[in-house]
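This report concerns only the one structure given below.
Given the structure is predicted, the values throughout are model-derived calculations rather than measurements. Numbers restart at 1 for each chain; the letters A, B, ... are given by sequence-line order, proteins then strands.
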Number of protein chains: 2
Amino acid sequence: MYHIEKSVGFLLAKAYQRAFALFREELEEFDLTPPQYAILAFLWQQDGLTQVELSEKSQVDRTTLGGLIDRLEKYGLVERHTHPHDRRAYQIKLTPRGRSLEPQLRECSKNALAKLTSGLSKKDVAELERILEILRGETRVYEKPTF
Amino acid sequence: MYHIEKSVGFLLAKAYQRAFALFREELEEFDLTPPQYAILAFLWQQDGLTQVELSEKSQVDRTTLGGLIDRLEKYGLVERHTHPHDRRAYQIKLTPRGRSLEPQLRECSKNALAKLTSGLSKKDVAELERILEILRGETRVYEKPTF
DNA sequence: TGCATATAGTCAGTATGCTGTCAATAGGGC
DNA sequence: GCCCTATTGACAGCATACTGACTATATGCA
């Protein structure tokens, strides 16, 4: 007998839903959301990316990313800068405030992860990471070697 | 060095995103979405649930569920019936068309799952199911024993 | 140099998800 | 029977996600 609540798709959806909710709770005091954190995290790694680059790295749709950047800009965490070589494009740069939040926001991420995986062993977590990498499918753009 | 693209939260989000996209592609010909399928799936199991019951079983917010039912009703797949004992509540019932789509839509679900997990062994899939169940946290309402 | 194709980012529309609030109804206690 | 608290479903607002379409700009080729 088929039970939707046992299907992988449903389980994945609900696990993600809980992960999102736990992370949102942690970020609440900073008035930020998990997707906004993700964008900041990519910029902490590499500031000044274009929206296309950010979209590719974060795997967020370009139009959705536009709105995310709008909000981060409104909060004073990033700025859109004109691109030195391409008048169509922007370079998205962190403000000093956006940069300064990194330690605290990473702490939020750590806390959320600890809560999410509290019922799992380290081996389970490693296993989950391995399986989720496979589920994601083809290699991400940021993983491609530069020739 | 911390890399957001290796974090469990990010991996979970992107794995879910791909699962959702694959399933959406399968359902496209029926002009339905994964969340709509989930609601139908719960009703195929047990027709005539109230919105509160459906919300609990599917773990979808009551207000979000309202919109989902609106659309399914508009497509002629479900109907809101007045509750025999509670004038506040409805019983959400499948229409003949909603019921008749079950075989084909389940096939879509199967196909999407096959695509999603094509890179995993059966053992991996079983392991993933086990771990995702734990990640979801406390027991779901539908799993609680009836005393 | 002009033209065709591609790209960067935005806009409109639709779907989903959550929080806070509200009106109508239910139920229990006195 | 009245009152208080709780419940059911909807509404408004905001955030995220995707599709299709559009404008301005870039690029390559003849």
Side-chain angles (χ1 to χ4, degrees), chain A residues 9-10 13-25 27-28 30-40 48-75 78 80-92 141, chain B residues 9-10 13-25 27-28 30-40 49-56 58-75 78-92:
Chain A
F10 187 82
K14 297 307 149 183
Y16 167 65
Q17 187 177 344
R18 181 162 175 260
F20 193 100
L22 288 172
F23 198 11
R24 192 180 54 216
E25 272 174 36
L27 292 171
E28 200 161 16
F30 298 92
D31 204 25
L32 290 175
T33 66
Q36 288 163 4
Y37 171 90
I39 302 308
L40 290 174
L49 294 165
T50 66
Q51 290 181 210
V52 164
E53 287 167 336
L54 260 175
S55 172
E56 284 173 348
K57 286 183 186 296
S58 64
Q59 287 300 295
V60 168
D61 187 84
R62 286 172 10 233
T63 62
T64 302
L65 183 72
L68 276 164
I69 294 175
D70 284 346
R71 284 180 284 282
L72 288 172
E73 193 175 34
K74 193 173 78 181
Y75 305 154
V78 304
R80 279 180 165 99
H81 289 244
T82 54
H83 199 282
H85 311 305
D86 189 336
R87 285 205 295 267
R88 296 170 300 176
Y90 298 107
Q91 281 179 325
I92 311 302
V141 60
Chain B
F10 187 83
K14 298 307 150 184
Y16 167 65
Q17 186 177 347
R18 181 162 174 259
F20 192 101
L22 288 172
F23 197 12
R24 192 181 51 216
E25 274 175 35
L27 292 171
E28 201 160 18
F30 297 92
D31 204 22
L32 290 174
T33 65
Q36 288 163 8
Y37 170 89
I39 301 308
L40 290 174
L49 295 165
T50 66
Q51 289 182 209
V52 163
E53 289 167 337
L54 260 176
S55 172
E56 284 172 350
S58 64
Q59 287 298 297
V60 168
D61 187 85
R62 285 170 11 231
T63 60
T64 303
L65 182 73
L68 276 163
I69 295 176
D70 284 346
R71 283 180 284 282
L72 288 173
E73 193 175 36
K74 193 173 77 179
Y75 304 154
V78 305
E79 286 167 351
R80 279 180 166 99
H81 289 245
T82 53
H83 198 281
H85 311 304
D86 189 335
R87 285 203 295 267
R88 296 171 301 177
Y90 299 106
Q91 281 180 326
I92 311 301

> Between B:K14 (side chain) and A:S58 (backbone), is there a donor-acceptor pair under 3.5 Å?
Replying inline: yes

With 3.5 Å as the limit, what N/O pairs link the protein to nucleotides 5-8 of chain D?
| residue | atom | partner | partner atom | Å |
| --- | --- | --- | --- | --- |
| D:dT7 | O2 | B:R88 | NH1 | 2.4 |

> Can you check the A:Y75 OH to D:dC14 P distance for me, whole Å?
Replying inline: 11 Å

> Considering residues at least two apart in sequence or located in another chain, which fulfil the side-chain contact (heavy atoms from CB on, under 4.5 Å) criterion with A:A19?
Replying inline: A:L116, B:L12

>> Regarding B:T64, tell me which of base, sugar-phosphate or nothing describes its non-hydrogen contacts under 4.0 Å with the strands shown.
In response: base

> Just how far, in rounded Å, is C1' of D:dA17 from CD of A:Q17?
Replying inline: 15 Å

> Just the endpoints, please: which first and last nucleotides of DNA chain C, 5' to 3', lie under 4.0 Å from a heavy atom of chain B?
Replying inline: C:dA15 to C:dA26

>> Between C1' on D:dT16 and CD1 on A:I69, what's the gap in Å once rounded to a whole number?
In response: 14 Å

>> Using whole Å, what does the distance between atom C1' of nucleotide D:dA24 and atom NE2 of A:H83 come to?
In response: 16 Å

>> Check the phosphate of D:dT16 against A:T33, side-chain N and O only, distance under 4.0 Å to OP1 or OP2. Yes or no?
In response: yes

>> Reading DNA chain D from 5' onward, which residue's closest nucleotide shows up sooner: A:H85 or A:P35?
In response: A:P35

>> How many whole angstroms separate atom CD of B:E25 from atom C1' of D:dC18?
In response: 12 Å

>> If you assign each of A:R87 and A:K74 to its closest nucleotide in DNA chain D, which residue comes earlier from the 5' end?
In response: A:K74

> Closest heavy-atom contact between A:L32 and A:Y75?
Replying inline: CD2-CD1, 3.7 Å

> At their closest point, which heavy atom of A:Q59 faces which heavy atom of B:Q17, and how far apart are they?
Replying inline: O-NE2, 2.9 Å

>> Just verifying a value: how many Å separate A:T50 OG1 and A:R88 CZ, rounded to the nearest 0.5 Å?
In response: 10.5 Å

> Atom OG1 in A:T33, atom CZ in A:R71: separation rounded to 0.5 Å?
Replying inline: 7.5 Å

> Could you give the CG-to-P distance, from B:D70 to D:dA10, as a whole number of Å?
Replying inline: 7 Å

> Taking only residues two or more places apart in sequence or in another chain, which ones pass side-chain contact (heavy atoms from CB on, under 4.5 Å) with B:H81?
Replying inline: B:E79, B:Q91, B:K93

> Are any non-hydrogen side-chain atoms of A:F23 and A:P35 less than 4.5 angstrom apart?
Replying inline: no

> Phosphate oxygens OP1/OP2 of D:dA10: is one of them under 4.0 Å from a side-chain N or O of B:R80?
Replying inline: yes

Donor-acceptor contacts, no H, no angles, side chain residues 62-70 of chain B, under 3.5 Å, sequence neighbours left out:
| residue | atom | partner | partner atom | Å |
| --- | --- | --- | --- | --- |
| B:T63 | OG1 | B:D61 | OD2 | 2.5 |
| B:D70 | OD1 | B:R80 | NH1 | 2.9 |
| B:D70 | OD1 | B:R80 | NH2 | 3.2 |

> Once you round to the nearest 0.5 Å, how far does OH of B:Y37 lie from CZ of A:F10?
Replying inline: 11.5 Å

>> If I take atom CG in residue B:D61 and atom C1' in nucleotide D:dG13, what distance separates them, rounded to the nearest angstrom?
In response: 14 Å

> Which part of the nucleic acid, if any, lies within contact of B:L68, taking any heavy atom under 4.0 Å across all strands shown: a base, the sugar-phosphate backbone alone, or nothing?
Replying inline: sugar-phosphate

>> Under the rule for ring-ring contact (aromatic ring centres under 6.0 Å, His included), what residues qualify as partners of A:Y90, not counting sequence neighbours?
In response: none

> Which stems, defined as runs of 3 or more consecutive Watson-Crick or G-U wobble pairs with both pairing distances under 3.5 Å, involve DNA chain D?
Replying inline: C:1-30 with D:1-30

>> What is the separation between atom CG on A:L72 and atom C1' on D:dA15, rounded to the nearest whole Å?
In response: 12 Å

> Between A:Q59 and D:dA17, does any side-chain N or O lie under 4.0 Å from OP1 or OP2?
Replying inline: no

> Does A:L54 reach the side chain of A:V60, with side-chain heavy atoms less than 4.5 Å apart?
Replying inline: no

>> Judged by each residue's nearest nucleotide on DNA chain C, which is more toward the 5′ side, A:T63 or A:E28?
In response: A:T63

